[in-house]
Amino acid sequence: MCGRYSFVVSIEKIKQEFPDLEAMENIRVSYNIAPTQHAYVITNEKPDKLQYLIWGLVPHWSNDGKNSGKLINARREGIEVKPSFRLPIRKRRCLVLADSFYEWKTVGNQKIPYRILPKNGKIMTFAGLWDVWYDGNYAVKSFTIITTAANRDVSNLHDRMPVILNNKKQQDAWLADLPLEESLEILNTPPEGLLKMYRVSDKLNSPKNNSHDLHQELPEQPSLF
C-alpha cells in the first residue's frame with residue numbers, strides 16, 4: 001500500500017519536468033502527507049494545471065461525501081469492476097506527484113519507517129484516479145493512488161507499492177482518452193533498480209509532524225533484513 005508520502009519540490013523543478021503546466025506562484029511542500037489531507041495531482045480533465053485535491057477518494061455516488069480515509073489506495077487487480085473505481089478508471093485518471101513515499105518494516109513488535117525515493121532524483125509520478133462529489137453546487141474533488149505487487153526494491157518492506165509512471169510517454173498515455181484495456185496495460189509493477197531507501201525517524205508515525213528532519217537518514221539497525 002501507500003499510506004504516507006512527501007512532496008518537497010521547488011517550482012523551478014516542477015516547471016523543468018512538467019513544462020506544459022500553467023505558471024505557478026507558490027507550492028505548499030509537505031514532508032508527511034497523510035490520508036484526508038490535500039496534495040498535488042494532474043488530472044486528465046485539466047492536464048495543463050496542477051490541482052490540490054483531497055487524498056482519499058470520495059465516490060461521486062456517496063450519500064454523505066465523508067472521507068473516511070479508506071480509499072487512499074486502489075488495488076490494480078480488479079480495479080475496473082469495483083464500484084468506487086469503475087467510473088474513474090475509465091474517465092477520471094490522474095498523476096499524483098511526490099518526491100518519495102514511506103513504508104514500514106515490522107521487526108518483532110517494532111515498526112521502522114523507511115523513505116523510498118528515485119535514484120535519479122526526479123519527481124515521482126504515481127498513477128491515480130480522481131472523482132468529484134457535489135454538495136449542491138459545491139464540488140469536493142478527491143483522489144486515490146493505484147497500487148500493485150511490489151518489486152524487489154520494495155518487497156523487503158511490503159508486498160504492495162504505488163504504480164510509478166516513470167517517463168513522459170507513460171504519463172501522457174495515462175491522461176489520454178484511451179480504451180479501458182489500454183489503460184490497464186499501463187498499470188504494471190515498476191522495474192527494479194529505480195528506487196533507493198533509507199531508515200527515517202519514528203516521528204513520521206504522527207501526521208502532526210511535518211518538518212525537514214523526517215527526510216534525514218538514520219543509521220541502519222543491525223541484521224534488519
Side-chain angles (χ1 to χ4, degrees), residues 2-58 65 67 69 71-73 88 92-102 113 115-135 137-146 162-168 170-172 174-176 195-196 198 200-201 203-217:
C2 179
R4 298 283 179 81
Y5 68 100
S6 64
F7 188 65
V8 184
V9 178
S10 67
I11 291 179
E12 290 72 25
K13 187 170 186 175
I14 298 172
K15 289 179 178 178
Q16 180 182 9
E17 297 192 29
F18 297 91
D20 296 330
L21 290 178
E22 291 181 0
M24 295 157 281
E25 295 184 0
N26 56 67
I27 290 292
R28 299 176 185 175
V29 303
S30 178
Y31 293 86
N32 193 3
I33 300 172
T36 73
Q37 295 181 356
H38 283 75
Y40 288 105
V41 306
I42 302 170
T43 70
N44 62 320
E45 180 187 51
K46 297 180 179 179
D48 59 347
K49 186 176 181 180
L50 198 59
Q51 298 191 62
Y52 205 48
L53 273 57
I54 301 170
W55 186 19
L57 194 81
V58 178
N67 184 352
L71 296 180
I72 61 170
N73 291 164
R92 293 173 176 167
R93 297 186 289 272
C94 66
L95 305 175
V96 182
L97 303 190
D99 68 83
S100 67
F101 66 99
Y102 301 103
R115 184 183 181 214
I116 304 167
L117 63 160
K119 290 180 178 178
N120 61 14
K122 289 191 174 181
I123 296 172
M124 301 183 82
T125 308
F126 305 144
L129 304 175
W130 67 279
D131 210 342
V132 56
W133 178 84
Y134 286 96
D135 181 8
N137 293 325
Y138 180 69
V140 177
K141 291 186 176 182
S142 58
F143 73 93
T144 188
I145 296 171
I146 300 175
V163 173
I164 301 172
L165 306 178
N166 57 20
N167 60 62
K168 191 174 188 303
Q170 290 180 326
Q171 295 163 5
D172 289 347
W174 184 243
L175 296 183
L195 305 171
K196 61 182 180 180
Y198 58 81
V200 293
S201 171
K203 289 173 61 178
L204 179 73
N205 297 339
S206 172
K208 295 179 180 180
N209 296 324
N210 194 337
S211 55
H212 65 87
D213 58 336
L214 296 182
H215 277 184
Q216 180 179 348
E217 183 174 0

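Please read all numbers here as calculations on a predicted model, not as lab measurements.
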Of all the heavy-atom pairs spanning [X] and [Y], show the shortest one and how long it is.
| X | Y | result |
| --- | --- | --- |
| Ile42 | Leu175 | O-CD2, 3.7 Å |
| Ala98 | Phe126 | CB-CE1, 3.7 Å |
| Val132 | Ala139 | CG2-CB, 3.7 Å |
| Ser30 | Asn210 | OG-ND2, 2.9 Å |

Non-neighbouring partners of [X] that pass side-chain hydrogen bond (donor to acceptor under 3.5 Å, both in side chains), sequence neighbours left out:
| X | value |
| --- | --- |
| Gln170 | none |
| Tyr52 | none |
| Ser211 | Asp213 |

inquiry  = Assess the residue pair Ile164 and Leu195 against the criterion (side chain to side chain contact (heavy atoms under 4.5 Å, CB included)); give the C-alpha distance rounded to whole Å, side-chain angles, the decisive distance to 0.1 Å, and a yes or no.
reply    = CA-CA 11 Å; Ile164 301 172; Leu195 305 171; 4.1 Å; yes
ask   = Got a sec, which residues hit salt bridge (Lys or Arg N to Asp or Glu O under 4.0 Å) with Asp172, two or more places apart in sequence or on another chain?
value =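 Salt bridge (Lys or Arg N to Asp or Glu O under 4.0 Å) check on Asp172 returns Lys168.
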State, with a plain yes or no, whether a side-chain heavy atom of [X] is found less than 4.5 Å away from one of [Y].
| X | Y | value |
| --- | --- | --- |
| Lys15 | Leu21 | no |
| Trp174 | Thr125 | no |
| Leu129 | Phe143 | no |

Looking at residues at least two apart in the chain, or sitting in another chain, which of them share a side-chain contact (heavy atoms from CB on, under 4.5 Å) with [X]?
| X | value |
| --- | --- |
| Asn120 | Pro118, Lys122 |
| Ser142 | Ile54, Leu57, Val58 |
| Ala23 | none |

Tyr31 OH to Gln216 CD distance, which is reported to the nearest 0.5 Å =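 Separation between the atoms: 11.5 Å.
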query = At what distance, to the nearest 0.5 angstrom, does CD of Gln171 lie from CZ of Arg93?
reply = 14.5 Å
request  = Among residues two or more places apart or on two chains, list those pairs meeting side-chain hydrogen bond (donor to acceptor under 3.5 Å, both in side chains) that have a residue in residues 36-49.
outcome  =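 Matches after skipping sequence neighbours: Thr43-Gln51, Asn44-Trp130, Glu45-Lys141.
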message = With side-chain contact (heavy atoms from CB on, under 4.5 Å) as the test, pick out the partner of Leu95 among Leu50, Leu165, Ile123.
response =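 Of the listed residues Leu50, Leu165, Ile123, the side-chain contact (heavy atoms from CB on, under 4.5 Å) partner of Leu95 is Leu165.
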Output a table of donor-acceptor pairs, distance under 3.5 Å, between side-chain atoms of residues 2-11 and any protein atom two or more places apart or on a different chain; print 'none' if there are none.
residue: Arg4; atom: NH1; partner: Asn32; partner atom: OD1; Å: 3.3
residue: Arg4; atom: NH1; partner: Leu204; partner atom: O; Å: 2.6
residue: Arg4; atom: NH2; partner: Asn205; partner atom: O; Å: 3.2
residue: Ser6; atom: OG; partner: Asp99; partner atom: OD1; Å: 3.1
residue: Ser6; atom: OG; partner: Asp99; partner atom: OD2; Å: 3.2
residue: Ser6; atom: OG; partner: Ser100; partner atom: OG; Å: 2.5
residue: Ser6; atom: OG; partner: His215; partner atom: NE2; Å: 3.0
residue: Ser10; atom: OG; partner: Lys13; partner atom: N; Å: 3.1

message = Apply side chain to side chain contact (heavy atoms under 4.5 Å, CB included) to residues Val96 and Trp55 and explain how you reach the verdict.
response = CA-CA 10 Å; Val96 182; Trp55 186 19; over 6 Å; no
query = Is it the case that more than 12 heavy atoms not belonging to Lys119 sit under 6.0 Å from its NZ atom?
reply =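 Counting other residues, nucleotides and ligands, NZ of Lys119 exceeds 12 neighbours.
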